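A quick write-up on the structure given underneath.
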Number of protein chains: 2
Amino acid sequence: MERRIFQNFLVERGLKLTKEREAVLREIFSIHGHFEPEHLYLIIKGSGNKASRASVYRTLNLLVESGLVERISRTDKGSVYEHTYGHRHHDHMICTECNGVIEFYSENLEEIQNTICSKYDFSGKNHTLEIRGTCRTCIKRKK
Amino acid sequence: MERRIFQNFLVERGLKLTKEREAVLREIFSIHGHFEPEHLYLIIKGSGNKASRASVYRTLNLLVESGLVERISRTDKGSVYEHTYGHRHHDHMICTECNGVIEFYSENLEEIQNTICSKYDFSGKNHTLEIRGTCRTCIKRKK
DNA sequence: CTGAAATTGAGATTAAGTTTCAATTGAAAA
DNA sequence: TTTTCAATTGAAACTTAATCTCAATTTCAG
């Protein structure tokens, strides 16, 4: 299904669904959770398929534009992505000790944001909420 | 006041409040709103004071650690900071049409986040909420 | 004043991400 | 099928924010 969506997106822009782009798409949607571009590149490289680092980055940008993938954070060491198609919207807590990511969802949070938007006559399309701090495990470890 | 806070922060860690650090601190707190490191460096350079780019970056990191300054976003072209001392915490709505920024604050939102954090035994230090969409003015304009 | 420790600046370095460009591929038209 | 031409690819060069190096300088406690 994501393949068809990406296909449509590409065709609309006069672009082609090449083997490389397919490989990137396939790997991204077989990853459960977050991933970094370099990591993605290595997986693809080791999977019998092929796609250069440049193609991985290029495809990643296209996928973000198409809405199938989201860049969920930028750290000093690069960006973290996740595929959004087929996943319910959620937000993130990021542990600054171990760089771990915890996903969460709160209906309350969504509602309040809607209220705020209408208060400002703002038409909200999407949002990113990132809570940074220390996760359970790291708190214990530090004691 | 921010000077004293920074001073204390530095002393606690056996560091010194040098002329360079003072210059960075002063300029940051005289800027109304957001700023980028390079921009800050140029302002300081042109203000009779001095601080190398390296010192600007180093001081910026210290200020973030001290809690006086916050990195509010990372873009392809670098980071954006703002000083938080004397400013109530707030979040941002970003209009993707005009790139305008609307600041807002919601106690509700803060409380819910605290609840979520404790639910996950997560020790939240700070957060960034960015709602992207279209602002009032741009909605009107487009009609 | 002295000395240990912190700090500075200039330039080197790092590394994520982008761009370049010659060679290749894809697919629509002939 | 062959032609054709724009799109695509990969390898390496490049860009650029941010960090690091290190010799020289400054700070400040004693």
Side-chain angles (χ1 to χ4, degrees), chain A residues 3 6-25 27-28 34-66 69-81 96 99, chain B residues 3 6-25 27-28 34-66 69-81:
Chain A
R3 209 193 96 109
F6 192 36
Q7 171 85 274
N8 286 346
F9 169 82
L10 291 172
V11 168
E12 263 176 31
R13 303 170 56 134
L15 307 180
K16 292 160 188 170
L17 183 53
T18 60
K19 289 189 186 78
E20 289 81 359
R21 288 179 181 154
E22 272 195 87
V24 173
L25 182 71
E27 286 308 330
I28 287 178
H34 312 119
F35 64 89
E36 293 163 32
E38 181 65 16
H39 183 215
L40 179 60
Y41 166 66
L42 292 174
I43 291 176
I44 292 170
K45 201 176 168 188
S47 78
N49 299 299
K50 51 151 199 163
S52 66
R53 225 178 298 259
S55 283
V56 169
Y57 276 105
R58 285 189 282 232
T59 306
L60 222 28
N61 287 337
L62 288 170
L63 285 165
V64 169
E65 283 183 67
S66 79
V69 169
E70 233 172 67
R71 163 147 51 187
I72 60 170
S73 92
R74 290 162 185 261
T75 70
D76 295 322
K77 300 153 211 149
S79 298
V80 178
Y81 293 81
T96 51
N99 288 313
Chain B
R3 210 192 96 110
F6 193 35
Q7 170 86 275
N8 286 348
F9 169 82
L10 291 171
V11 168
E12 263 176 31
R13 303 168 58 134
L15 307 179
K16 293 158 188 173
L17 183 54
T18 61
K19 287 189 187 77
E20 289 81 359
R21 287 179 181 157
E22 272 194 85
V24 173
L25 182 71
E27 286 308 328
I28 287 178
H34 312 122
F35 64 88
E36 293 162 33
E38 180 66 15
H39 183 216
L40 179 60
Y41 166 66
L42 292 174
I43 292 177
I44 291 169
K45 201 178 172 186
S47 79
N49 299 298
K50 52 152 197 159
S52 66
R53 225 179 296 260
S55 283
V56 168
Y57 276 104
R58 284 188 282 232
T59 307
L60 222 28
N61 286 337
L62 288 171
L63 285 165
V64 169
E65 283 183 67
S66 78
V69 169
E70 231 171 68
R71 164 145 50 186
I72 60 171
S73 90
R74 291 164 184 261
T75 70
D76 295 321
K77 302 152 210 150
S79 298
V80 178
Y81 293 81

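Reminder, nothing fancy here: chain letters follow the sequence lines and each chain counts from 1. Nothing here was measured: the structure is a model prediction, and the numbers come from that model.
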Please report the distance, rounded to the nearest Å, between [atom1] in [X] and [atom2] in [N].
| X | N | atom1 | atom2 | value |
| --- | --- | --- | --- | --- |
| A:L15 | C:dA27 | CG | C1' | 14 Å |
| B:N49 | C:dT8 | CG | P | 13 Å |
| A:L62 | C:dG17 | CG | C1' | 15 Å |
| B:F6 | C:dT7 | CZ | C1' | 13 Å |
| A:R21 | C:dG26 | CZ | C1' | 11 Å |
| A:L60 | C:dA16 | CG | P | 14 Å |

[X] side chain vs [Y] backbone, donor-acceptor pair below 3.5 Å:
| X | Y | value |
| --- | --- | --- |
| B:R74 | B:S79 | no |
| A:R21 | A:K16 | yes |
| A:S55 | A:A51 | no |

I'd like to know if A:E20 and A:R58 make a salt bridge, using a cut-off of under 4.0 Å between side-chain N and carboxylate O.
no

Check this for me: does any side-chain nitrogen of one of A:K77 and A:E36 sit under 4.0 Å from a carboxylate oxygen of the other?
no

If you compare every side-chain N and O of A:S55 against the phosphate oxygens of D:dG10 (OP1, OP2), does one of them come in below 4.0 Å?
yes

Separation between NZ (A:K50) and NZ (A:K19), nearest 0.5 Å, reads 7.0 Å

CZ/B:R3 to CG/B:N8 distance, rounded to the nearest 0.5 angstrom?
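That separation rounds to 10.5 Å.
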
Students should find that the end-to-end axis angle of the helix from C:dC1-D:dG30 to C:dA30-D:dT1, with five pairs defining each axis and rounding to 10 degrees, is 30°

Nucleotide by nucleotide, 5' to 3', does protein get under 4.0 Å of the base (B), only the sugar-phosphate (S), or neither (-) in nucleotides 13-30 of chain D, counting heavy atoms?
----SSBBB-----B---

Within 6.0 angstrom of A:H34 NE2, more than 12 heavy atoms from elsewhere
yes

